[in-house]
Amino acid sequence: MSIESAIAALKPQFGARLSTGESVRDQYGRNEAWYPVTPPDAVVWPETTEEVATVARTCNEHGCPIIAWGAGTSLEGHIVPVQGGITLSFDRMNRVLEIHDEDMDAVVQPGVTRMQLNEELRATGLFFPIDPGADASIGGMAATRASGTCAVRYGTMRESVMALEVVMADGRIIRTGTRARKASNGYDLTKLFVGSEGTLGIITELTVRLHAQPEAISAAICAFEDIEGAVQAVQQTIQMSVPVARIELVDDVCIRAINAYSDYSMAEAPHLFIEFHGTEAGVAEQAEIVGEICVENGGSGFEWATRTEDRNRLWAARHNFYYAIKAMCPGRTGYNTDACVPISRLAECLMESRKDVPEDSFLATTIGHAGDGNFHLSYMVDPENAEEIALAKKLADRISERTLAMGGTVSGEHGIGIGKKKFMAQEHGQEGWELMGQIKRTFDPAGILNPGKLVPGN
């Protein structure tokens, strides 16, 4: 039993769709985080659920690890094949299978990206609201329980996935959930797979909830004297139940980078990026209320964007902030971390975390989905400098410790992977974490599905 024997057994069926070439393996050993390139032993491109099941059965028989790959945009080492094995790329399982306009749902293959799905929905008056920034695959977004800028109004992938088709470690194909809007019968297996990070099964089909395009959309940016004022404005907005669609915090360093990268001329100060969805009258009312709240907390210089092209440009600038920061710091990469706390503790947690960074060290930037208490810090490190990486790890760990002490979670949306695995027992309790390990062993006795991630003894 070995990885080599599994590859040899699969080669006759997949032919050119199984590669052990160094350049291909190198491509699938890369990730968006600081982790070093760690190639798999082979890459396979399945085209059907049955082919995925064949790979799973073969790998299970030979004890060969399988790592499911969507778009490769994860940030905590989820797709790094730490024990080698076969990376299963869903590049060829990328079709929108069904769109049910009247029921407001769609059935997709895991390789479909969020932008691709929304493009196919344009003529229906519907849209898929989960927007993590990167053009991630829907399967990967479900596996990591992604969220993003619209979560404050539309929720996360947990609320958006209605049903799944999943290939188990031994090759069995199961279906979970239905297209019905609710159910009261048995264990919720769908929610168990959402967020399991590829450790319990391989998602091969998803039914996702859609939403109607709002009648009116308006976006705005507002500068603040300091981050505390911006966060206070967010907190008051949420407490007043203003149904904002997005409310994003961007610090002054990010604004400087965005100005240079996306040709903006915003004041180099902390900003809120805000968007309102609803009727014409509703959007106008929401904007007026939030505007007053912002001014009361030191906000000024409102700039409104109501035309679609202006809004798209604004949010493209926000989503491209990481590339803007990298352009401002050539030769450096981001050591990225996220945390999520009760919104009343957001300003405190964020400011203490910023103060941790020594002035003579690397650049650190802050951006956050402030409406749900989630923020991100990016430490721009030299990937060849072991001291800088060690310091970034130390600072990120300090954020996690602080977050847990404040009643929060070590990850609001990046997930655990290998990057934050060491905090799982602290957040969930040792017995709770061990129970997750027992579930993993029940679903995957041979331990072949994305080993080394998320759970103990894996």
Legend entry - Any donor-acceptor N or O pair under 3.5 Å, side chains T190, T176: yes

Legend entry - Of T337, L350, D338, V231, the residue whose pairing with F375 passes side-chain contact (heavy atoms from CB on, under 4.5 Å): L350

Inset, instruction - Before accepting this row, confirm whether a basic side-chain N of the pair E248/R246 lies closer than 4.0 Å to the acidic partner's carboxylate O. - result: no

Inset, instruction - Answer yes or no: is there a side-chain heavy-atom contact under 4.5 Å between N31 and S74? - result: no

Legend entry - Donor-acceptor contact present, side-chain R332 to main-chain Y379, <3.5 Å: no

Legend entry - H78-H414 aromatic ring centre distance below 6.0 Å: no

Legend entry - Contact summary for M406 and C349, nearest pair of heavy atoms: SD-CB, 3.5 Å

Inset, instruction - Answer yes or no: is there a donor N or O on one side and an acceptor on the other, between the side chain of R25 and the main chain of P39, under 3.5 Å? - result: no

Inset, instruction - Search all heavy atoms of A68 against all heavy atoms of I79 and return the closest pair with its distance. - result: O-CG2, 4.0 Å

Legend entry - Candidate pair E165 and T49, rule side-chain hydrogen bond (donor to acceptor under 3.5 Å, both in side chains), full reasoning: CA-CA 9 Å; E165 179 183 75; T49 297; 2.6 Å; yes

Legend entry - Nearest-0.5 Å distance, CZ of residue F321 to SG of residue C254: 5.5 Å

Inset, instruction - Could you walk me through whether L249 and L346 pass side-chain contact (heavy atoms from CB on, under 4.5 Å), step by step? - result: CA-CA 11 Å; L249 173 67; L346 177 59; 5.7 Å; no

Inset, instruction - Can you measure from NE2 (H376) to CD1 (I367) and round to the nearest 0.5 angstrom? - result: 8.0 Å

Legend entry - Test: K420 and E427 ion pair at under 4.0 Å: no

Inset, instruction - Indicate yes or no: at least one non-hydrogen side-chain atom of N385 is less than 4.5 angstrom from one of I389. - result: no

Legend entry - Salt-bridge criterion met for D252 and R256 (N-O under 4.0 Å): no

Legend entry - Side-chain donor or acceptor of D251 paired with backbone N/O of I227 under 3.5 Å: no

Legend entry - Student check: side-chain heavy atoms of M266 and V250 closer than 4.5 Å: no

Legend entry - Option from M93, Q109, R175 for which side-chain contact (heavy atoms from CB on, under 4.5 Å) with E205 holds: R175

Legend entry - Interatomic spacing from CD1 in I416 to NZ in K421 - rounded to 0.5 Å: 11.0 Å

Inset, instruction - Give the minimum heavy-atom separation between F423 and L404, together with the two atoms involved. - result: CD2-CD1, 4.4 Å

Inset, instruction - Please report the closest heavy-atom contact between V80 and K453, naming both atoms and the distance. - result: O-NZ, 2.8 Å

Inset, instruction - Give a yes or no on whether the backbone of S262 and the side-chain of R313 come within a donor-acceptor separation of less than 3.5 Å. - result: yes

Inset, instruction - Would you name the heavy atoms of I203 and A142 that are closest together and state the gap between them? - result: CD1-CB, 4.1 Å

Legend entry - Donor-acceptor contact present, side-chain R153 to main-chain H277, <3.5 Å: yes

Inset, instruction - Spell out, as yes or no, whether a donor-acceptor pair under 3.5 Å connects the side chain of D135 to the backbone of M115. - result: yes

Inset, instruction - For T124 and D101, test the side chains for any donor-to-acceptor distance below 3.5 angstrom and give the result as yes or no. - result: no

Legend entry - Exceeds 12 heavy-atom contacts within 6.0 angstrom, atom CZ of R122: no

Inset, instruction - Using a 4.5 Å cut-off on heavy atoms from C-beta on, say whether the side chain of F193 contacts that of V161. - result: no

Inset, instruction - For D91 and W45, indicate whether the former's side chain and the latter's backbone hold a donor-acceptor pair under 3.5 Å. - result: no

Legend entry - R158 with D188: basic N within carboxylate O range, under 4.0 Å: no

Legend entry - Nearest heavy-atom neighbours spanning D372 and C340: O-SG, 3.2 Å

Inset, instruction - Kindly check if the number of other-residue, nucleotide or ligand heavy atoms within 6.0 Å of CZ (R95) is above 12? - result: no

Inset, instruction - Could you tell me whether the side chains of H100 and R179 share a donor-acceptor contact shorter than 3.5 Å? - result: yes

Inset, instruction - Nearest 0.5 Å please: distance from the CD1 atom of I448 over to the CD1 atom of I67. - result: 10.0 Å

Inset, instruction - For the residue pair H271 and F273, categorise the inter-ring angle as parallel (less than 30°), tilted (30 to 60°) or perpendicular (more than 60°). - result: perpendicular

Legend entry - Residues T156 and E159: side-chain donor-acceptor under 3.5 angstrom: yes

Inset, instruction - Step by step, work out the side-chain contact (heavy atoms from CB on, under 4.5 Å) result for D170 and N60. - result: CA-CA 6 Å; D170 60 5; N60 195 53; 3.8 Å; yes

Legend entry - Side-chain heavy atoms of V152 within contact of H369, under 4.5 Å: no

Legend entry - Evaluation steps, side-chain contact (heavy atoms from CB on, under 4.5 Å), between C329 and F362: CA-CA 10 Å; C329 303; F362 37 69; over 6 Å; no

Legend entry - Test item: side-chain donor near acceptor, Y322 and S378, under 3.5 Å: no

Legend entry - Whether T38 side chain and P36 backbone form a donor-acceptor pair below 3.5 Å: yes

Inset, instruction - Nearest 0.5 Å please: distance from the OG1 atom of T306 over to the CD atom of E309. - result: 9.0 Å

Legend entry - Test item: E120 side-chain N/O and L117 main-chain N/O as donor-acceptor pair under 3.5 Å: no

Legend entry - Side chain to side chain, L395 and Y335, heavy atoms closer than 4.5 Å: no

Inset, instruction - Rounded to the nearest 0.5 Å, what's the gap from OG1 on T149 to OH on Y154? Could you check? - result: 10.5 Å

Legend entry - 4.5 Å side-chain heavy-atom contact, M141 and P132: yes

Inset, instruction - Check step by step if side-chain contact (heavy atoms from CB on, under 4.5 Å) holds for F443 and L192. - result: CA-CA 11 Å; F443 280 55; L192 186 58; 3.6 Å; yes

Legend entry - L210 side chain reached by F127 side chain, heavy atoms, under 4.5 Å: no

Legend entry - Side chain W69, main chain G140, donor-acceptor under 3.5 Å: no

Inset, instruction - Start with the C-alpha gap between K393 and D397, add the side-chain angles, then the distance that decides, and say whether salt bridge (charged side-chain N to carboxylate O under 4.0 Å, His left out) holds. - result: CA-CA 6 Å; K393 286 182 181 180; D397 287 353; over 6 Å; no

